[in-house]
Amino acid sequence: MTADRKPMSLVEKTAVLDAIFARSRLLPVITIENSQDVLPLIDALAAGGLSTFEITLRTPLGLPAIEQLRRERPQLCIGAGTVLDADQFQAVVEAGAQFIVTPGCTEELLALGLSGPVPLLPGVATASEVLGGYRQGYRRFKLFPAQASGGVPLLEAFAGPFGDVRFCPTGGITLATAASYLALKNVMGVGGTWMAPRSLVREGDWAGIRRLGEESTALFLPDRA
């Protein structure tokens, strides 16, 4: 999966992230608990109008799911989430992840994001963490956990000192609260689990998940509805 990947500058990686979120401002955050769920779950969401997904490494099935989706659903944009260290970073790159999301930022992860072949969206929750990435050139971040760390008021406050920074908040966001985040100029997209709730996944209710995707698409991506 990595042979055809050319080195990119951080500016180029930022442009890639902007293009990804320009195509879809919604990022379903997916945790795979059963390998048989991978294709029907993603297909249901895709049928609902969604095209970009974060597959987390919260279970051992996350990595093979990324590999499978890149191989069998190449038209979709597949990112890797909950990447915690260098080993996981390299593993998701080799699996074919098109972008990487972390719940926080360490010097190790920020350095890997600079040198690696795919864009990194480092997680932040404070102004100091934003500054840590900013001084290395990062201008795109994940706010996590969004609701618990301050939500919309925090992002509004960040807009002053960090005028050229944009965020993808995740963590505690629902269908009912997503609009308040997407209305902010410094928010490029929102991530969440509401589009594929664990209860429906465990029941195999793919029609229900498709309807949630359609509802989210109609509200926030009206050009796809």
Side-chain angles (χ1 to χ4, degrees), residues 7-29 52 54 56 77 79-86 88-89 92 97-194 216 219-221:
M8 287 190 290
S9 68
L10 191 54
V11 171
E12 290 172 320
K13 291 171 184 172
T14 299
V16 170
L17 286 172
D18 287 347
I20 288 171
F21 283 97
R23 288 194 298 270
S24 178
R25 300 187 73 197
L26 297 179
L27 180 64
V29 178
T52 303
E54 176 189 333
T56 75
C77 183
T82 322
V83 174
L84 305 179
D85 56 32
Q88 289 185 335
F89 192 102
V92 297
Q98 290 160 283
F99 62 96
I100 296 172
V101 185
T102 63
C105 56
T106 64
E107 288 298 320
E108 177 186 54
L109 289 169
L110 291 173
L112 288 167
L114 291 174
S115 62
V118 297
L120 170 66
L121 198 61
V124 296
T126 68
S128 294
E129 290 171 337
V130 176
L131 278 174
Y134 193 95
R135 67 186 293 272
Q136 296 195 37
Y138 287 90
R139 298 295 184 270
R140 302 294 181 264
F141 297 92
K142 164 185 172 176
L143 179 69
F144 178 83
Q147 285 288 99
S149 63
V152 168
L154 179 62
L155 287 165
E156 290 174 332
F158 279 169
F162 305 119
D164 57 345
V165 172
R166 299 179 73 200
F167 299 88
C168 176
T170 74
I173 299 175
T174 67
L175 181 66
T177 61
S180 61
Y181 284 94
L182 290 170
L184 301 178
K185 292 182 179 179
N186 62 345
V187 168
M188 58 185 178
V190 297
T193 60
W194 83 83
S216 299
L219 284 172
F220 307 122
L221 306 174

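FYI, side chains are in, hydrogens and waters are out, and symmetry mates aren't considered; it's all heavy atoms of this structure.
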*Asks:* Identify the two heavy atoms, one from Pro169 and one from Ala146, that lie closest to each other, and give their separation to 0.1 Å.
*Replies:*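 Looking at all heavy atoms of both residues, the closest pair is CB-CB, 3.7 Å.
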*Asks:* If we only count heavy atoms from C-beta on, is the Met8 to Pro119 side-chain gap below 4.5 Å?
*Replies:*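 When only atoms from C-beta onward are counted, Pro119 and Met8 do touch, with a gap below 4.5 Å.
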*Asks:* Heavy atoms only: give me the nearest Thr56-Val29 pair and the separation to one decimal.
*Replies:* CG2-CG1, 3.6 Å
*Asks:* Are Leu10 and Gln136 close enough, and set up right, to give a side-chain contact (heavy atoms from CB on, under 4.5 Å), and what steps lead you there?
*Replies:* CA-CA 9 Å; Leu10 191 54; Gln136 296 195 37; 5.8 Å; no
*Asks:* Which heavy atom in Ala97 sits nearest to a heavy atom in Val118, and how many Å separate them?
*Replies:* O-CG1, 3.4 Å
*Asks:* Determine whether Val187 and Phe21 satisfy the following criterion, side-chain contact (heavy atoms from CB on, under 4.5 Å), listing intermediate values before the conclusion.
*Replies:* CA-CA 10 Å; Val187 168; Phe21 283 97; over 6 Å; no
*Asks:* With a 4.5 Å limit on heavy-atom distance, are the side chains of Val165 and Asn186 in contact?
*Replies:* no
*Asks:* So, does Lys13 use its side chain to make a donor-acceptor pair with the main chain of Leu114 at under 3.5 Å?
*Replies:* yes
*Asks:* Once side-chain hydrogen bond (donor to acceptor under 3.5 Å, both in side chains) is applied, do any residues pair with Ser128, and if so which ones, sequence neighbours excluded?
*Replies:*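 side-chain hydrogen bond (donor to acceptor under 3.5 Å, both in side chains) list for Ser128, sorted by chain: empty.
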*Asks:* Can you measure from CG (Leu154) to CG (Leu184) and round to the nearest 0.5 angstrom?
*Replies:*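 The CG atom of Leu184 is 10.5 Å from CG of Leu154, to the nearest 0.5 Å.
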*Asks:* Who are the side-chain contact (heavy atoms from CB on, under 4.5 Å) partners of Ala86, not counting sequence neighbours?
*Replies:* Glu108, Leu112
*Asks:* When you look at Ile100 and Leu121, which way does the side-chain contact (heavy atoms from CB on, under 4.5 Å) test go after all the steps?
*Replies:* CA-CA 6 Å; Ile100 296 172; Leu121 198 61; over 6 Å; no
*Asks:* Return yes if some donor-acceptor pair links the side-chain N/O of Arg25 with the main-chain N/O of Leu182 below 3.5 Å, else return no.
*Replies:*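 Judged by distance alone, yes, a pair lies under 3.5 Å.
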*Asks:* Quick check on side chain to side chain contact (heavy atoms under 4.5 Å, CB included): which of Leu27, Thr102, Val101 does Lys142 satisfy it with?
*Replies:* Val101
*Asks:* Of the non-hydrogen atoms in Leu175 and Ser216, which two are nearest, and what is the gap between them?
*Replies:*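 For Leu175 and Ser216, the tightest heavy-atom pair comes out as CD1-OG, 3.7 Å.
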*Asks:* Atom OG in Ser149, atom CG in Leu155: separation rounded to 0.5 Å?
*Replies:*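 One finds 7.5 Å between OG of Ser149 and CG of Leu155.
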*Asks:* Using every non-hydrogen atom in the two residues, find where Pro103 and Leu84 come nearest and quote the distance to one decimal.
*Replies:* CG-CD2, 3.6 Å
*Asks:* Sorted by first residue and then second, give each side chain to side chain donor-acceptor pair (under 3.5 Å) pair with at least one member in residues 171-185; sequence neighbours left out.
*Replies:*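 Side chain to side chain donor-acceptor pair (under 3.5 Å) check on residues 171-185 returns Gln147-Tyr181, Thr174-Thr177.
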*Asks:* So, using side-chain hydrogen bond (donor to acceptor under 3.5 Å, both in side chains) as the criterion, who are the partners of Glu156 when residues are at least two apart?
*Replies:*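 If we apply the side-chain hydrogen bond (donor to acceptor under 3.5 Å, both in side chains) test to Glu156, skipping adjacent residues, there are no hits.
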*Asks:* Do Pro122 and Leu110 touch side chain to side chain, with heavy atoms closer than 4.5 Å?
*Replies:*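 Sidechains of Leu110 and Pro122: in contact.
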*Asks:* Does any part of the side chain of Gln98, heavy atoms only, come nearer than 4.5 Å to the side chain of Val16, both counted from C-beta?
*Replies:* no
*Asks:* Considering only heavy atoms from C-beta outward, does the side chain of Asp18 approach that of Met188 to under 4.5 Å?
*Replies:* yes
*Asks:* Listing request: all ring pair (Phe, Tyr, Trp, His ring centres under 6.0 Å) pairs with a residue in residues 142-173, at least two apart in sequence or in separate chains.
*Replies:*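 Matches after skipping sequence neighbours: Phe158-Phe162, Phe158-Phe167.
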*Asks:* Got a second to check how far Asp85's CG is from Leu109's CG, nearest 0.5 Å?
*Replies:*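 One finds 7.5 Å between CG of Asp85 and CG of Leu109.
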*Asks:* Of all heavy-atom pairs between Leu143 and Gly151, which one has the smallest distance, and what is that distance?
*Replies:*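 Heavy-atom minimum between the residues: CD2-O, 4.4 Å.
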*Asks:* Please, which pairs that meet ring pair (Phe, Tyr, Trp, His ring centres under 6.0 Å) have at least one residue in residues 100-142, sequence neighbours excluded?
*Replies:*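 Output for this query is empty, none listed.
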